[in-house]
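A short write-up of the structure that comes next.
In what follows, chains carry the letters A, B, and so on, assigned in the order in which the sequence lines appear, proteins first and then strands, with residues in each chain numbered from 1. Note: hydrogens, waters and symmetry copies are ignored here, and every other heavy atom, side chains too, is used. All values reported here derive from a predicted model rather than from experimental measurement.
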There are 2 protein chains.
Amino acid sequence: MPSSPDTHSLEMLVRRLESIATLSDEERQAILSLPARTRVLKAGHDIVREGDKPSHCCLILSGWAYRYKLIDQGRRQIFSFHIPGDIPDLQSLHIHTMDHSAATLTESTLAFLPHENLLDLTTRFPSLAAILWRETLIDAAIFREWMVGMGRRTAFERIAHLFCELYLKLQAVGLAQSYRCALPITQIDLGDALGLTNVHVNRVLKEMREQGLITLRGGTLVIESWDELIGACGFDPTYLHLEKRAAA
Amino acid sequence: MPSSPDTHSLEMLVRRLESIATLSDEERQAILSLPARTRVLKAGHDIVREGDKPSHCCLILSGWAYRYKLIDQGRRQIFSFHIPGDIPDLQSLHIHTMDHSAATLTESTLAFLPHENLLDLTTRFPSLAAILWRETLIDAAIFREWMVGMGRRTAFERIAHLFCELYLKLQAVGLAQSYRCALPITQIDLGDALGLTNVHVNRVLKEMREQGLITLRGGTLVIESWDELIGACGFDPTYLHLEKRAAA
DNA sequence: CGGCAGTTTGACAAAACTCAAACACGGTGG
DNA sequence: CCACCGTGTTTGAGTTTTGTCAAACTGCCG
């Protein structure tokens, strides 16, 4: 389990923040001088657990992660999937006790950023605070959309909607193009994310395949017909707030 | 529709923030000098709508509100219920286009706070920014818990869980005691919040009544047996993060 | 060549939904 | 004061979606 100080990893954070707002040289420099510690985790390992009081946030450099909660040792709800550039536990900066867990979905490289230094950053640079705050608000916007899905959409719509969402998020960071992307999510995970059983997910996936909407094999999602897919689930990307915000 | 400048309303905001962290005199003074404009809205009126680009946040002084989204003119998902002291659209401070709507549930008195002044406040006082940021993070924590409900809990558990949550939130601001509180939420609203039909909500409510867990009549909820109620839904209040945070 | 995790399929069961009608209740106007 | 109205609640009967259980199948990894 390698672990080393690493400054290059912070360039990813700079790129991510610059995709949201313009940074001043001073801000960029302050980010790059954060003391990051990089670590590689195997697939299926917890990053933080419910009840923990973490002292670091975790930036994903490579790989996928997810957040989840277990109730009575059998039922699991997945809240989100995370890809490189995300800080899945950014909320721990201001909420000291974890009310849920985060784990890797694939082998991942993670950079751990001390709360202390991040808090210092947000105090010195209110516009950086605003960008990070906004990131957590978009997180919440995605939660809301998942609520709409679980509360009011059919299994078919829910799955289609999630595929649209993930494709756009991957595309935004250059990890997807021409309606094709990696999707290292098992049908069990999909079920736990969407409030369905893996069996039912499987049946719906089969139907989507038969309708020529998508193919999902070997960890790769191919969207055969984007227009039909978004039509089938009423997808509207507004809630992802992907447009670059006006310069700070 | 009366509308007037009002400084007293801001004392409610001060009290709310002081229940979370200790404020300096300077901070308290800065909040009290925010230019608030108070307005009374009848029940069932939209406060902000999906697509709007609001220039104010809205502090609830009295009454109840809720946030929701409509899909294809028939299905509605409610995301949250809000009570006095809440700022249901605090997120609009950093997300400029509303991706959902907010409305009053009962006649309500609302204080509108200009984004401009709130942003100035967060820039001048990073510790106030932290408190408000934290409020939006708790909002998201509640979303996650609702996701657990809609994804992985039975209708019975979901309803019981919501009652526990609302009771504790009301109690925290002094609007509930001895297991009794106002609950101006129709069974239709409950269904739209929990991903159920009003018919099914009605049947489950009947069952809860028959089991002697609760009574709900005339807009008043009485929890007959708190211990059984939390037992029946596995309620754990951690996610509400109600404990006062360490002084800033 | 196993072995294990994940997928696929079938038969059946249950939770929740739909439609429809009756009922309660608070507010309004005659 | 009472009839009426609208909104919300309650109940019933039948349907649908999704879940459960169980077994077979696939594919990758050691």
Taken to the nearest whole Å, CE/A/Met150 to C1'/D/dT18 is 15 Å

D/dT9, D/dG12, C/dT7: which one has an atom nearest the side-chain heavy atoms of A/Thr186? C/dT7

Sugar-phosphate only, base, or nothing, as touched by A/Gly195 at under 4.0 Å among non-hydrogen atoms: sugar-phosphate

Closest to the A/Ile188 side chain, choosing from D/dG19, C/dT18, C/dG6: C/dG6

Take the protein atom CG of A/Leu194 and the nucleotide atom P of D/dT18, then report the distance between them rounded to whole Å. 11 Å

Closest to side chain of A/Thr197, choosing from D/dT9, D/dG19, D/dA22: D/dG19

With a non-hydrogen cut-off below 4.0 angstrom, is B/Leu205 in contact with a base, only sugar-phosphate, or nothing? nothing

Report yes if at least one side-chain N or O of B/Lys206 is closer than 4.0 Å to OP1 or OP2 of D/dT10; otherwise report no. no

Counting just side-chain N and O atoms, does B/Arg209 come under 4.0 Å of either OP1 or OP2 of D/dT10? yes

Can a donor-acceptor pair be found between the side chains of A/Asp189 and A/Thr186 at a distance below 3.5 Å? yes

Rounded to the nearest Å, what distance is computed from the CG atom of residue B/Asp189 to the C1' atom of nucleotide D/dT7? 12 Å

Rounded to the nearest angstrom, tell me the gap between atom NE2 in B/His200 and atom C1' in D/dT16. 14 Å

Among A/Asp89, A/Asp99, A/Asp139, A/Asp192, salt bridge (charged side-chain N to carboxylate O under 4.0 Å, His left out) partner for A/Arg67: A/Asp139

So which nucleotide from D/dT18, C/dA16, C/dT9 ends up closest to the side chain of A/Asn202? C/dT9

If we only count heavy atoms from C-beta on, is the A/Lys53 to A/Thr97 side-chain gap below 4.5 Å? yes

Starting from the 5' end of DNA chain C, give me the residue, A/Ile185 or A/Arg152, whose nearest nucleotide shows up first. A/Ile185

Quick one: B/Asp192 CG to C/dC17 P, roughly how many Å, whole number? 11 Å

Here the distance between atom C1' of C/dT9 and atom CG of A/Asn198, to the nearest Å, is 12 Å

Worked verdict on B/Tyr239 versus B/His161 for ring pair (Phe, Tyr, Trp, His ring centres under 6.0 Å): CA-CA 12 Å; B/Tyr239 72 101; B/His161 203 278; 5.8 Å; yes

Do B/Gln91 and A/Arg144 pair up side chain to side chain, a donor and an acceptor below 3.5 Å, judged on atom types alone? yes

Picking from C/dA16, D/dT20, C/dT7, which would you name as closest to the side chain of A/Arg203? D/dT20

Check the distance between C/dC17's C1' and B/Gln187's CD and give it to me in whole angstrom. 16 Å

Figure out the CD/P separation between A/Glu207 and D/dT18, and round it to whole Å. 10 Å

Pairwise 5' ranking along DNA chain C for B/Arg217 and A/Gly151, keeping only the more 5' one: A/Gly151

